[in-house]
There are 2 protein chains.
Amino acid sequence: MTGPPRRGRRPGAPDTRAAILAAARARFAEHGFASTSVRSIAADAGVDPALVHHYFGTKDDLFVAALELPVDPRERLAGVIAEGPDGAGERMLRVFLSVWDDPDLRLPLLGLARSVLDPSGQRLLRDGFVPAVLHPVGVALGIDRPEVRMPLVASQVIGLILTRYLLEVEPIASMPADDVVAVYGPTIQRYLTGPLPSA
Amino acid sequence: MTGPPRRGRRPGAPDTRAAILAAARARFAEHGFASTSVRSIAADAGVDPALVHHYFGTKDDLFVAALELPVDPRERLAGVIAEGPDGAGERMLRVFLSVWDDPDLRLPLLGLARSVLDPSGQRLLRDGFVPAVLHPVGVALGIDRPEVRMPLVASQVIGLILTRYLLEVEPIASMPADDVVAVYGPTIQRYLTGPLPSA
DNA sequence: ACCACAATTCATCGCATGGTGAAAAACGCG
DNA sequence: CGCGTTTTTCACCATGCGATGAATTGTGGT
């Protein structure tokens, strides 16, 4: 594969890059995009701010580099679809919880979620997550009026994520995943297959 | 009542104050606290930035002045309590919707909600709204384990408010209030009086 | 007309931010 | 060693921010 002599990555100390990425992830996760300064990230990484800009470009570039998700969330939802609409609410919920409890995904997701209220994140959620991730699941499940039902699902999932992981409202934040599924599962299920007004 | 000669408010043009307040409300509602600059507010009001600081003090002072709610939200919830737990979910929902549809409250509430993810707003919601507004309602309703049930209610209400008024996810954003109540009422009701895990 | 006081503007200060380009230090290889 | 590349730092720039205090304008009361 490596045609030419492959001379990249010579010296033995480019883990600084990783340090910067880690610091960026932590900062973005805790304070969101707008309230995070490149300088603070550099300080956390013990590095000159210019170096940050040297490795990753602008602050936006750093943001997407730091918050890039290792896996496509849609893959994880495949299992939900396979078994049809019965119990799909509970299964979806388990997928979301397992994703958020994955240590590799936690910080990137927090970073994205923290920035959900400024314009870019707003569009990402409204024009990206709901129509590109959630809606297809509804279609694949074969439920009626997915364009109505999936936003309803989103409204509860967003509320849950927000209270559990961002605001850390007790006792939701420290509730075992099984209890969360037991409480919210029926809600999601009702939004998926229950009655709708003016149908 | 006015003991001394009452010499206040001499000239006939202090509606500039009101203009500043209106501009502040609009800006805060659209961009939140952090992303709003005093200068932009002054520009909107057609006024020098220093004047803003002259009337209202610091930016934080302006924020609380602009977002002061004309009424105590708890008053509006009184009617919900009176009739007991039956149908309380639907009644609570109607109260929240009527509050958010009140033109006088809309901008202040949006301003508060937009700032819900930075530390101050986070505390306001987690340590203020839930324990000081929602929890007492649960206690007054006489339901069991209100410290668990009311946060559940909060998680759905927050998700609904967010998708309907902040993110404006369709079709939730343009759904008639009656339909909203029909969809979410049973959910809230189940959180109030339905089964709980490990009880 | 004059004066006191409120309303408003001007000119700045100090600070933090994102970004840039050139210089310097560290390092591997021949 | 000494060269070339990479890594890292230094010294800046332009901008936008919140805030301050002095000056200016406007207005009403007497």
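Each chain gets a letter, A, B and so on, in the order its sequence line appears, and its residues count up from 1. Worth saying up front: this structure is predicted, and the values here are computed from it rather than measured.
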Residue-phosphate contact under 4.0 Å: A:Thr16 side-chain N/O, D:dT7 OP1/OP2: no

Short side-chain N/O contact from B:Tyr55 to OP1 or OP2 of C:dA6, under 4.0 Å: no

Sequence-aligned protein contact record of nucleotides 16-23 of chain D, with B where the base is within under 4.0 Å of a protein heavy atom and S where only the sugar-phosphate is: -BBSBB--

Atom-pair distance (CZ on B:Arg17; P on C:dT8), nearest Å: 11 Å

Nearest-0.5 Å distance that lies between atom CG in B:Leu141 and atom CE in B:Met150: 7.0 Å

Under the salt bridge (charged side-chain N to carboxylate O under 4.0 Å, His left out) test, residues paired with A:Asp104 that sit two or more places apart: none

Length of the line joining A:Leu51:CG and D:dT8:C1', which is rounded to integer Å: 6 Å

For residues 126-137 of chain A, which side-chain donor-acceptor pairs fall under 3.5 Å, sequence neighbours excluded?
from	atom 1	to	atom 2	distance (Å)
A:Arg126	NH1	B:Leu167	O	3.4

Between C:dC10 (P) and B:His54 (NE2): distance, integer Å: 16 Å

Co-membership, hydrophobic cluster, residues B:Val80 and B:Val139, 4.5 Å side-chain: no

Separation between CG of B:Leu97 and CD1 of B:Ile161, rounded to the nearest 0.5 Å: 6.5 Å

Candidate list B:Leu192, B:Val157, B:Leu196, test side-chain contact (heavy atoms from CB on, under 4.5 Å), partner B:Leu152, passing option: B:Leu196

